[in-house]
Engineer: 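This structure is in C-alpha cells; I'll ask about it shortly.
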Number of protein chains: 2
Amino acid sequence: MSLPLGASTDRPATIHDVAALSGVAASTVSRALSTPERVNIRTRVKIEAAAAQLHYIPNSQAKALSSGRTGAVAVLVADITNPFYFDIIRGTQLQLKAAGYTQLLVDTEESEDVEAGALEQLRRTADGVILTASRLSDEDLLAASAKLPIVTINREVDGIPSVILDTPTATNQALDHLISLGHTKIAYIAGPDASMSSHRRWQALEPAALERNVEVRKLGPFAPRTHSGAAAADAAVHSGATAAIVFNDLIAIGMLQRLRERGVAVPADMSIVGCDDIFGADFCSPPLTTVTAPVEQAGRTAVTMLLGQISPQFSATARRQAVLPTFLTIRASTGPAPLPPAQRV
Amino acid sequence: MSLPLGASTDRPATIHDVAALSGVAASTVSRALSTPERVNIRTRVKIEAAAAQLHYIPNSQAKALSSGRTGAVAVLVADITNPFYFDIIRGTQLQLKAAGYTQLLVDTEESEDVEAGALEQLRRTADGVILTASRLSDEDLLAASAKLPIVTINREVDGIPSVILDTPTATNQALDHLISLGHTKIAYIAGPDASMSSHRRWQALEPAALERNVEVRKLGPFAPRTHSGAAAADAAVHSGATAAIVFNDLIAIGMLQRLRERGVAVPADMSIVGCDDIFGADFCSPPLTTVTAPVEQAGRTAVTMLLGQISPQFSATARRQAVLPTFLTIRASTGPAPLPPAQRV
DNA sequence: AACTCGTTGACAACCGATTGCCAAATCATG
DNA sequence: CATGATTTGGCAATCGGTTGTCAACGAGTT
C-alpha cells in the first residue's frame, strides 16, 4: 500500500472542507459520520464521497474537546520491561483496537507517586484506566475510581471491577507437588511488600503448609528482577530449604543462574517453582516449573469490563468481577527431595 | 503519597477557575504558566497559588487544539511482544519523559498497511514519530516525513534522520569468529524480506565470505518468532552447514530448542550466533553467542534527534545521523567445527 | 388544496486552552 | 511635572469538532 499523497501536500482536511465540497453545513457532516441513520441517504453518500476524496480524518483532539470522550484507554503497568506485562499489553491492545479505542501505555516505574500522578493526568486524557498490580491504597483507588472508570488486574477492592489471576490456588498446587516429591522444608520467596499478589499467595500457602504439616518459610521481600534472584537464591540455600516457591519467574530465573554459579544443582539439590510462565521460562536451564496464567486473556477481559462501564453499547455483557484459573506447568526445575545428610552415608 | 482528594470531587479545574480565583483574565493565567517572565511576579505568585489550590492541570487536548503542538511523540514498533523492542521502548520512554513529552506506543503488527494508516492518523495526534524497522518504501517514507517530523531506527533514507545499529560489522566479526573455530560451511538465516537489517547484513556477509574463501549460504526468509526457529534449524541442518548466523535471537533460541529435539548438539554439532542480545539470550541453553547492540541508547538517541527537529530549544545538539557500534558477545552456543565424517574414523 | 406530522439540515453555542493586538499602567528621564 | 518608553494585562478570535434548537421541507391524509 502507498500513503495517500497528492491531495494532501497541504494541511489535513477539516470537517469544513468536507462540508464545502459536499455543499452542506459542517454539522451535517458531523452527523452523517457519527449518526448516519439520521441523515438522508443521498446526502450521506455525497458526504462520504467528499470525505474519502479529501482523505478526511477527524481530529481526535477536537473531538475529545467537544464531546468529552477521548477514545483512549490508559493501561498502567509497573515496569514495561517485565515480560509478565507483555501479554497484558498485547491482550488489551488487541481488544481495544477491535473496539476502536486507542491504547495509552504508561510505565509507573513501580512507584506509588508516579501512579497517582499519572492517574490524575489521565483524568482528562483517557476515558478509562486499566491498572495492573496497583501500588495505591484502597482509599486512593476508590477515590480515583469515582472520577474515572477503572478496572484493576490482580487487585481486589470493593466497588471496583477487577480481573484476578487465581495464582494462590496454583501455588498451593505447587506445594502439593513439592510435598509429593518428598520436600518438607520449603521457602516462599516473596515479592515486594506492596504487591497484593505476593500477600495473597502467602496467605494461602501458610495455612496450607500447617495443615499438611510441612515447614514453609517466607523469605524476602525481593524486587521482581532477575538480578534479585542472586540474593533470593542465597537466602533460600541458607534457610536450609530443599525447594522454593518463587514470587515470579524473573526472580526464579535469576535464582537458577545463581544456584548454578554456587554449584547447587537444580533440581537435584534444590527444586524451584516460578510463577507467571513468562517468555523464557520454557527455555531457561533447566526449564522452569511454574504457574501458568492466562495473562493475555486477563488483559482482554479487563478491556471488556472497562468498555462496559464506559459505553452502554458494550454493557450487556459486562461483568464486574472475574477470577481466571491458573494451573501448574511442570518442567524440569522440580524433582525429588535430596536425602537428608544423615541418610546419605 | 495520597491522591489529591477533597477539592476535586467535582470536575477538574479549568483555566477559568484559576483566573476567577486569582482575579485576572484567563489569558493572563495562560501566560503566567507558559511564559512566567512576561508576567508581574506578584500576579504570578497569586496565580500559581490559585492553580495549586485547585489542583489545576491543563487540558492537553485543548492545549493541542489551540497551539498545534500535542506534546506527544509516537513510537511505532513492528511487534510489541518482540523483546528486541523492549529496550527501545524503555529508552524512548525515559528520554521523552525527561523532556516533558508523552509516548504513544503503536504496534504495526509487521504490516505496511497498518504502519501507513497509523502514520496518517498520527499526523494530528503526535508532534513527531519514531519508526523502528519501517516496512514502508523510501518514497512513502519521504512523503510522510514531509508532513511530520520523523526519525527512523535501523532504516536509512536520504533526507530522513536515522539511528543505525551497526550490526553488519558485528556479524562479519561473528563470521571471523566462526572461521577461527574451523567452520567453512556456514548458513545465514535471513529475516523477513521487508527487513532492511537483514539485507544489510547479508550484503556485508556475502563479499566477506568470498574474500575469506568460506561458503555462506542464505536460507529463509523466516519470520522473527521463536517458532520459526524450528524450520530454520531444519533448513540449516539440511544445508550441511556446521554453523549458522541468525537474523535475531528469537529465531536463534527457537533453533536451539529444535536442534535439541533432533539430537543435534550445540555447539558440538552446530554452532549458532544470534543477534540483538535480547532478554533470555544469556540464560537459554546453551547461552547464546550473539551480537550485542546498544538498543536502549538507540531509543534515546532517536528521541534526541526528533526533539531537535521539533523544538528549536533542543536543536543545538541535534545530529541527523548516528551509527551505533555493536559487538560480538561470545557465550556457549559456538564452538569448534566438528570433524568431517571422513576423518572421524 | 389545506393541514398535520415527521424528517432533514443549518445555525450557533460550547469544549479549554493559545495568542495577536491594543489599552492601561508603570517607570525612568528631561 | 510632563513626556515617552516599556511593561503588563485583558479582549476576542481561533483551533476542529459536537450537539441542542429550530426552521424548512416533503409526504401523507382528508
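Computed over heavy atoms, backbone and side chain alike; hydrogens, waters and symmetry mates excluded. These numbers come from a predicted model, not from an experiment. In what follows, chains carry the letters A, B, and so on, assigned in the order in which the sequence lines appear, proteins first and then strands, with residues in each chain numbered from 1.
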Engineer: Between A:S134 and A:L141, is any pair of side-chain heavy atoms under 4.5 Å apart?
Structural biologist: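 SC-SC contact between A:S134 and A:L141 confirmed.
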Engineer: As an exercise, state the distance from CD1 of A:I80 to CG of B:L105, rounded to the nearest 0.5 Å.
Structural biologist: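 So the gap between those two atoms works out to 6.5 Å.
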Engineer: To the nearest 10 degrees, what angle separates the axes at the start and end of the helix from C:dA1-D:dT30 to C:dG30-D:dC1, five pairs each?
Structural biologist: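 Nearest ten degrees gives 40° for this helix.
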Engineer: Going by heavy atoms in the side chains, are A:Y56 and A:L33 under 4.5 Å from each other?
Structural biologist: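 With C-beta onward as the side chain, the pair touches.
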Engineer: Heavy atoms within less than 4.0 Å of DNA chain C: which residues of residues 58-68 of chain B have one? Give them sorted by number.
Structural biologist: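 Going residue by residue through residues 58-68 of chain B, the ones with a heavy atom under 4.0 Å of DNA chain C turn out to be B:P58, B:N59, B:A62, B:K63, B:L65, B:S66, B:S67.
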Engineer: Does a side-chain heavy-atom distance below 4.5 Å link B:T92 with B:R300?
Structural biologist: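 They are not in contact (no side-chain heavy atoms under 4.5 Å apart), so the answer is no.
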Engineer: For the CG atom of A:L104 and the CD atom of B:Q103, what is their distance to the nearest 0.5 Å?
Structural biologist: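 Spacing of CG (A:L104) from CD (B:Q103) equals 10.5 Å.
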Engineer: Working to the nearest 0.5 Å, report the span between CG of B:L165 and CG of B:L324.
Structural biologist: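 It is 6.0 Å, given to the nearest 0.5 Å.
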Engineer: Which residues pass the side-chain hydrogen bond (donor to acceptor under 3.5 Å, both in side chains) test with B:R155, sequence neighbours left out?
Structural biologist: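 With neighbours one apart ignored, the set is B:D138.
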Engineer: Please produce a list of atom pairs where a protein N or O lies less than 3.5 Å from an N or O of nucleotides 23-28 of chain C.
Structural biologist:
none

Engineer: Walking along DNA chain D from 5' to 3', note the first and the last nucleotide with an atom under 4.0 Å from a heavy atom of chain A, and give both.
Structural biologist: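 Endpoints of the contacted stretch of DNA chain D: D:dG16 to D:dT21.
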Engineer: Side-chain donor-acceptor pairs under 3.5 Å in residues 19-30 of chain A, sequence neighbours left out?
Structural biologist:
residue, atom, partner, partner atom, Å
A:S22, OG, A:V18, O, 2.6

Engineer: Mind checking salt bridge (charged side-chain N to carboxylate O under 4.0 Å, His left out) for A:R90 and listing every partner two or more places apart, or none if nothing turns up?
Structural biologist: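 Partners of A:R90 under the salt bridge (charged side-chain N to carboxylate O under 4.0 Å, His left out) test: A:D87, A:E296.
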Engineer: Side chains of B:Q321 and B:S162: do they bring a donor and an acceptor to under 3.5 Å?
Structural biologist: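 Result is yes, a qualifying pair exists.
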Engineer: Could you pull out all residues at least two apart from B:S111 that satisfy side-chain contact (heavy atoms from CB on, under 4.5 Å)?
Structural biologist: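 Only B:D113, B:V114 meet the side-chain contact (heavy atoms from CB on, under 4.5 Å) criterion with B:S111.
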Engineer: Looking at DNA chain D, which of residues 20-46 of chain A put a heavy atom within less than 4.0 Å of it?
Structural biologist: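 Under 4.0 Å from DNA chain D: A:S27, A:S30, A:R31.
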Engineer: Can you tell me how far CD1 of B:I89 sits from OG1 of A:T81, rounded to the nearest 0.5 angstrom?
Structural biologist: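 Reported value, rounded in 0.5 Å steps: 10.0 Å.
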Engineer: Under a 4.0 Å threshold between the charged nitrogen and the carboxylate oxygen, would A:K97 count as salt-bridged to B:E109?
Structural biologist: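 Salt bridge present between B:E109 and A:K97.
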Engineer: With sequence neighbours excluded, tell me which residues meet side-chain contact (heavy atoms from CB on, under 4.5 Å) with A:A302.
Structural biologist: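 Counting only residues at least two positions away or on another chain, A:A302 forms a side-chain contact (heavy atoms from CB on, under 4.5 Å) with A:I130, A:V151, A:I153, A:V163.
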Engineer: What distance separates A:L148 CG from A:I310 CD1, expressed to the nearest 0.5 Å?
Structural biologist: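 Rounded to the nearest 0.5 Å, the CG-CD1 separation comes out at 8.0 Å.
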Engineer: Would you say that B:V157 contacts B:L142 through its side chain, given a criterion of any heavy-atom pair below 4.5 Å between the two side chains?
Structural biologist: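 Yes, side chains in contact.
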Engineer: Please write out each protein N/O paired with an N/O of nucleotides 5-7 of chain C under 3.5 Å, distance rounded to 0.1 Å.
Structural biologist:
none

Engineer: Please name all residues satisfying ring-ring contact (aromatic ring centres under 6.0 Å, His included) with A:Y85, sequence neighbours left out, ordered by chain then number.
Structural biologist: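 Once residues adjacent in sequence are excluded, A:Y85 has no partner under the ring-ring contact (aromatic ring centres under 6.0 Å, His included) criterion.
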